[in-house]
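When a ligand or atom number is given, it counts from 1 through the structure's own listing order.
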Amino acid sequence: MGDMEVTIKEEARAEIKIWNYVFGYAKIAAVKCAIELGIADVIENYGSPMPLSELASTLRCEPSRLHRIMRLMVHDRIFKQEPINQHTVGFSSTPLSRCLIKGGEKSKTAFILLMSGPTCLAPWHSLSARVLETGNNISPFEVANGKDIWSYAEANPDFSELFNNAMGCKARLTVQATIEGCPEVFDGVENLVDIGGGNATALSLLVKAFPWIRGINFDLPHVVAIAPKSDSIENVGGDMFMSIPNADAAFLMSVLHDWDDEECIKILKNVEKPFQKIKGRL
Ligand SMILES: C[S@@+](CC[C@H](N)C(=O)[O-])C[C@H]1O[C@@H](n2cnc3c(N)ncnc32)[C@H](O)[C@@H]1O
């Protein structure tokens with residue numbers, strides 16, 4: 001291939017890519033719309049390819065508008081289009097659309113709604129200002145929303161619930177992999193504290209897989225106040241920078257990345273304190 005041909009191909013690729021940037025938000029907007037309308041739930045429950053007319057009447061949507069959204073999602077392989085008869089096609093589920101079913105095993109709806117909602121999107125709008133700034137350590141979230149994320153969650157219960165559910169989506173995936181990949185780390189552990197355990201999704205899976213464990217779900221008071229209650233898990237509210245409940249082992253998932261090095265050292269020293277007495281495992 002000559003230099004000229006390479007340049008033409010690169011320019012064509014650049015042209016395609018730039019339009020993806022221009023309209024990149026449309027895909028996430030369609031997915032958000034699908035979650036809010038419950039499109040994946042309705043199609044999954046229908047059990048066979050669902051015609052547009054039925055989908056529109058079940059969702060009480062204007063069919064031509066719904067059709068435009070569905071076309072985008074079929075193009076993105078979120079839903080499949082399959083023949084029902086010679087004249088009609090219908091929409092079917094895929095593994096991807098099952099991630100958009102509310103409350104499903106593989107559901108990622110809470111995470112998508114969290115990240116595509118105005119509170120989490122706002123900081124991204126001032127990314128360039130953040131890059132230009134020097135000497136200001138206030139997080140972009142706080143600049144955009146007026147409070148750090150944990151205080152914001154405390155003051156906004158709906159955001160807090162969505163955040164905890166979003167973390168649950170991720171925890172279901174990663175904790176299952178931990179249970180399957182390294183069950184031996186839980187041998188002999190009678191009580192386990194999950195530091196920053198949110199709504200206790202991780203602990204619920206762990207105590208189910210290793211029923212000899214008693215769990216302590218430790219998080220900020222407003223978080224544990226609404227965490228589900230269970231016989232094998234105690235919810236304890238507190239501040240990990242002050243002290244952490246005693247246990248033979250501590251579980252810390254997706255927590256340290258939120259803090260700078262000095263703060264992480266403080267948390268880990270607080271984890272270490274009760275362990276010095278009982279030779280624990282982190
Ligand atoms: C990113 S989430 C991770 C949740 C959970 N570990 C998971 O991976 O799904 C961080 C958690 O740390 C909690 N957290 C923040 N500051 C805390 C503090 N000072 N003491 C205890 N928990 C705190 C938050 O409320 C939140 O539930």
Requested in this report: State whether a side-chain donor-acceptor pair under 3.5 Å links W150 with E154.
Outcome: no
Report summary line: Hits for ring-ring contact (aromatic ring centres under 6.0 Å, His included) against W212, two or more places apart or cross-chain, chain-then-number order -> F210
Requested in this report: Output yes when K32 and E36 qualify as a salt bridge under the 4.0 Å nitrogen-oxygen rule, no when they do not.
Outcome: yes
Report summary line: Residue set satisfying ring-ring contact (aromatic ring centres under 6.0 Å, His included) with F79, at least two apart, ordered chain then number -> none
Query raised in the report: Quick one: salt bridge (Lys or Arg N to Asp or Glu O under 4.0 Å) pairs with a partner in residues 120-144, sequence neighbours left out?
Result: R130-E133
Query raised in the report: Is a salt bridge present between R98 and E44, judged by a nitrogen-to-oxygen distance below 4.0 Å?
Result: yes
For ligand 1, run through the N/O pairs with the protein that fall under 3.5 Å and put one pair on each line.
| unit_1 | atom_1 | unit_2 | atom_2 | d |
| --- | --- | --- | --- | --- |
| ligand 1 | 6 (N) | G196 | O | 2.7 |
| ligand 1 | 6 (N) | M253 | O | 2.8 |
| ligand 1 | 8 (O) | K170 | NZ | 2.8 |
| ligand 1 | 8 (O) | M253 | O | 3.1 |
| ligand 1 | 9 (O) | M167 | O | 3.4 |
| ligand 1 | 19 (N) | D239 | OD1 | 2.9 |
| ligand 1 | 20 (N) | M240 | N | 2.9 |
| ligand 1 | 25 (O) | D219 | OD1 | 2.6 |
| ligand 1 | 27 (O) | D219 | OD2 | 2.7 |

